[in-house]
**Student:** 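The structure is given below, and queries will be raised subsequently.
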Amino acid sequence: MEQRFLRVPRNETGRDFAVGDVHGHFSRLEASLDRLGFDPGRDRLFSVGDLVDRGPESEAALQWLERPWFYAVQGNHEDYAIRHVRTGKVDTRNWRDYGGGWFLDLPAELQRVYAEAFERLPIAIEVETAEGAVGLLHADCPVLFWPRLESALRDRARSTSQACQWSRERLRLMDRTLVQGVRAVVAGHTPVAAPLVLGNVYHIDTEGWQSGYFSFLDLETLRAWPNDVVTDLAGA
Ligand SMILES: [Mn+2]
């Protein structure tokens with residue numbers, strides 16, 4: 001069984017950043033990291049998932065996942081690829097509309113290689129920082145007490161993963177309920193115009209893969225670059 005919940009110790013030498021959905025735009029990501037002054041010798045980058053589909057460079061996901069400073073959780077687009085290979089039960093026409101064509105057109109052998117790499121990704125990551133632990137997942141946190149997530153991913157694996165990877169409930173309801181037992185939770189999946197925090201949940205998919213820009217959330221300071229986090233929509 002793959003590790004669905006990954007704990008990452010504190011970065012003692014450099015900074016830790018989370019970034020929103022990449023969707024096959026690794027050149028843009030690279031350019032943004034350069035402007036940020038990201039130092040791969042000391043800093044670490046945490047993707048909140050959806051590395052692939054839509055953009056032109058999805059195939060580069062494998063190289064990125066081999067980098068020692070790069071971490072990622074499984075997004076719903078990685079879930080499409082895994083389910084397609086494992087079960088064949090994916091609505092491929094729908095997935096193609098969402099950018100899955102590059103995968104569907106790969107030889108079966110290579111599809112398996114990608115699916116296996118995606119399967120090794122955890123559904124949630126917990127990163128230690130000087131100010132306390134920060135949680136990362138793709139879409140939404142289905143528990144209101146973060147320390148329960150690990151056992152939920154084990155005992156109710158399918159429904160818990162599905163909520164972590166697909167749900168848009170918090171943003172839809174503008175729900176500001178705190179997730180207890182963790183300093184902050186970081187998610188992508190649902191686009192926002194600027195990084196937005198609801199309760200202690202940070203939504204950072206500012207559509208760098210489309211017409212927006214990549215946002216980098218410093219996990220120590222919980223400040224975002226290039227635009228800081230918006231806490232009050234009325235003031236946005
Ligand atoms: Mn997504």
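Counting starts at 1 for both ligands and their atoms, in listed order.
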**Student:** Below 2.8 Å, can you find an N, O or S atom of H77 next to the Mn ion (ligand 1)?
**Tutor:**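 No, H77 does not qualify, because none of its backbone or side-chain N, O or S atoms lies under 2.8 Å.
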
**Student:** Heavy-atom count check: over 12 atoms from other residues, nucleotides or ligands less than 6.0 Å from R223 CZ?
**Tutor:**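 No, because the 6.0 Å sphere around CZ of R223 holds 12 heavy atoms or fewer from other groups.
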
**Student:** Above 12 or not: heavy atoms from other molecules or residues under 6.0 Å from CZ of R158?
**Tutor:** yes

**Student:** If I take atom OH from residue Y71 and atom CG from residue L65, how far apart are they, to the nearest 0.5 angstrom?
**Tutor:**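 So the gap between those two atoms works out to 12.5 Å.
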
**Student:** Could you tell me whether the Mn ion (ligand 1) has an N, O or S atom of Q165 under 2.8 Å away?
**Tutor:** no

**Student:** With the Mn ion (ligand 1) at the apex, how many degrees lie between NE2 of H138 and OD2 of D50, rounded to 10 degrees?
**Tutor:**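 Rounded to 10°, it measures 90°.
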
**Student:** Would you call the rings of F103 and H84 parallel, tilted or perpendicular, taking 30° and 60° as the class edges?
**Tutor:** perpendicular

**Student:** Any idea which N/O/S atom from H189 gets closest to the Mn ion (ligand 1)?
**Tutor:**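 Nearest N/O/S atom of H189: ND1.
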
